2 protein chains.
Amino acid sequence: MSQSDQESLANDQDDYLSNEELRQALELLFFAYRDFTGEPDVILANDGFGRAHHRVIYFVKCNPGITVNRLLGILKITKQSLSRVLGQLVREDFILQQTDPGDRRRRTLVLTDKGNALESRLTGCQSARIGRAYKAAGVDAVRGFKAVLTQIINADDRARFTGGGPHTD
Amino acid sequence: MSQSDQESLANDQDDYLSNEELRQALELLFFAYRDFTGEPDVILANDGFGRAHHRVIYFVKCNPGITVNRLLGILKITKQSLSRVLGQLVREDFILQQTDPGDRRRRTLVLTDKGNALESRLTGCQSARIGRAYKAAGVDAVRGFKAVLTQIINADDRARFTGGGPHTD
DNA sequence: CATATATGTCAACAACACTGACTTAATTTT
DNA sequence: AAAATTAAGTCAGTGTTGTTGACATATATG
């Protein structure tokens, strides 16, 4: 008996855990993420940027004064990958990078006015999409949406949402 | 008054539509999608494949006999991008491509046994992740999860989920 | 002073998307 | 039957985003 056959039998009792239900979830995530990122990608392309720039701008906005190392921890990419993108954003005056007075090895990052303006445009269209979806689905659905998404996230990053603040350690 | 200030005022009445709530949704989607795709990426790398191969294998599995054009419509990438990935999968015997007898311009795609085996492994770990999340969050949360994700998807693809069958036109 | 940490940089490489131009084969339309 | 359209494939070039590995510099900590 194959693994998937076993799963079918095991899940026959709970139809919300059936293979078909799970398969639908995979597709929902694929299409939702594709469309969720589609609009910002167009805006970014105008400035010669990509999705990676968006992520950096977003997390600097939410964590003003964040250091490069902490940003790497959130994004989980190599410093060489971040460096290319971050360097562009700093050179083109979207992000201000300053030496941390407390520990002069560290560089703190904040958005410039230019960076804030771009961040607003990017997050604006994503927020609008989510807002429309939230409104159409209703407040109870939103609770479920967040509960399931939180559980999908790996345990080590889940605390960022179940706990209190941003928690970027 | 800035755009975001206007939004704040407009949304102060519904706290589930506040800027902070929407911002949290953006992050949930980012982290959930990152971790959702993390495990399959490792498996794919063993075969020298990437996420694009996964998507092709997945949609061929769910739509056996699908044509190249319909696959392009689902993935929304260029035929040159698909060609590279699909060509590899056909050459390495994960996908069987045959001329459609009804319209000999068309090529129909199905997974080989080898392709089915890989698909099971890939979808298996994603299904397991979703299954755990569903079980932990509960059946009511799942209903909300699907309702919100469906609304996030662009209207033209939303019918794939609100309606009956796969509907890949 | 030695070691560890934070950051940056150079080089090479791979996956995956894009545009644009062109070809071949088969079907449909006129 | 000729013309137009559709389905699929190919070649060439480009850009974003990630990777590994090696190395450099400044600062902090032991």
Side-chain angles (χ1 to χ4, degrees), chain A residues 30 33-34 37-38 40-60 65-92 95-109 168-169, chain B residues 30 33-34 37-38 40-57 60 65-92 95-109 168-169:
Chain A
F30 167 71
Y33 199 76
R34 186 195 62 179
T37 53
D41 284 353
V42 174
I43 295 174
L44 288 156
N46 286 353
D47 292 86
F49 293 151
R51 203 174 295 176
H53 301 84
H54 186 182
R55 291 197 279 259
V56 170
I57 286 177
Y58 177 83
F59 285 109
V60 170
I66 190 175
T67 64
V68 174
N69 234 9
R70 281 161 75 95
L71 191 51
L72 282 173
I74 293 177
L75 298 173
K76 285 190 184 158
I77 58 176
T78 58
K79 67 174 171 178
Q80 295 91 328
S81 289
L82 176 58
S83 178
R84 192 181 336 110
V85 172
L86 182 56
Q88 275 181 275
L89 290 168
V90 170
R91 277 193 303 277
E92 299 181 30
I95 285 179
L96 178 64
Q97 190 171 34
Q98 285 176 307
T99 299
D100 180 354
D103 184 339
R104 295 177 49 78
R105 291 172 302 182
R106 294 198 174 103
R107 307 284 181 271
T108 60
L109 306 170
T168 49
D169 292 320
Chain B
F30 167 70
Y33 199 76
R34 185 194 63 181
T37 53
D41 285 353
V42 175
I43 296 174
L44 288 157
N46 287 352
D47 293 83
F49 294 151
R51 204 174 295 176
H53 300 84
H54 186 183
R55 290 196 281 257
V56 170
I57 286 176
V60 170
I66 190 175
T67 64
V68 174
N69 236 9
R70 283 161 74 94
L71 192 51
L72 282 174
I74 293 177
L75 298 172
K76 286 193 184 154
I77 57 175
T78 59
K79 67 175 171 179
Q80 294 92 327
S81 289
L82 176 58
S83 177
R84 189 185 344 107
V85 172
L86 182 56
Q88 275 180 275
L89 291 168
V90 170
R91 276 193 303 277
E92 299 181 31
I95 285 179
L96 179 63
Q97 189 172 33
Q98 285 175 308
T99 300
D100 180 355
D103 183 340
R104 293 176 49 77
R105 290 173 301 183
R106 294 198 173 102
R107 308 282 181 272
T108 61
L109 306 170
T168 48
D169 294 318

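Just so it is clear, the model here is predicted, and its values are computed rather than measured.
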Checklist entry - Between C:dC18 and B:Thr78, is there an OP1 or OP2 to side-chain N/O distance shorter than 4.0 Å? => result yes
Next on the checklist: If you compare every side-chain N and O of A:His53 against the phosphate oxygens of D:dT17 (OP1, OP2), does one of them come in below 4.0 Å?
Outcome noted: yes
Checklist entry - Are A:Arg106 and A:Asn69 close enough that some pair of their side-chain heavy atoms sits under 4.5 Å apart? => result no
Item to check | side-chain N/O A:Arg104 vs D:dT27 OP1/OP2, d < 4.0 Å | outcome: yes
Checklist entry - Parallel, tilted or perpendicular for B:Phe49 and B:His53, by the 30°/60° rule? => result parallel
Checklist entry - Between A:Asn69 and C:dT7, does any side-chain N or O lie under 4.0 Å from OP1 or OP2? => result yes
Checklist entry - Whole Å only: how far is the CD1 atom of B:Ile77 from the P atom of C:dT19? => result 12 Å
Checklist entry - Which nucleotide in the set D:dT17, C:dT9, D:dT27 lies at the smallest distance from any side-chain heavy atom of A:Asp103? => result D:dT27
Checklist outcome for this item: When B:Arg107 and A:Val85 are each assigned the nearest nucleotide of DNA chain D, the 5'-most assignment goes to B:Arg107
Checklist entry - So what does B:Arg84 touch, heavy atoms closer than 4.0 Å: a base, only the sugar-phosphate, or nothing? => result base
Next on the checklist: Base, sugar-phosphate or nothing for B:Gly87? Non-hydrogen atoms, less than 4.0 Å.
Outcome noted: nothing
Next on the checklist: For D:dT6 and B:Arg70 - does any side-chain N or O of the residue sit under 4.0 Å from the phosphate oxygens OP1/OP2?
Outcome noted: no
Checklist entry - With a 4.5 Å limit on heavy-atom distance, are the side chains of B:Val68 and B:Lys79 in contact? => result no
Checklist entry - When you measure from the side chain of A:Gln80, which nucleotide among C:dT27, D:dT27, D:dG21 comes out closest? => result D:dG21
Checklist entry - Start at the 5' end of DNA chain C and walk down; is the nucleotide closest to B:Lys79 or to B:Leu82 reached first? => result B:Leu82
Item to check | Nearest-0.5 Å distance, OG1 of residue A:Thr37 to CZ of residue A:Arg51 | outcome: 3.5 Å
Checklist entry - Just by distance, do the side chain of A:Arg107 and the backbone of A:Arg105 share a donor-acceptor pair under 3.5 Å? => result yes
Next on the checklist: Tell me whether the side-chain N/O atoms of A:Ser81 come closer than 4.0 Å to OP1 or OP2 in D:dT19.
Outcome noted: yes
Next on the checklist: Over all strands shown, is B:Gln97 touching base, sugar-phosphate only, or nothing at heavy-atom distances under 4.0 angstrom?
Outcome noted: sugar-phosphate
Checklist entry - Are any of B:Arg55's side-chain N or O atoms less than 4.0 Å away from OP1 or OP2 of C:dA17? => result yes
Checklist outcome for this item: Of the listed C:dC16, D:dG18, D:dA8, the closest approach to the B:Arg106 side chain comes from D:dA8
Item to check | Phosphate OP1/OP2 of D:dA28: any A:Arg105 side-chain N/O under 4.0 Å | outcome: no
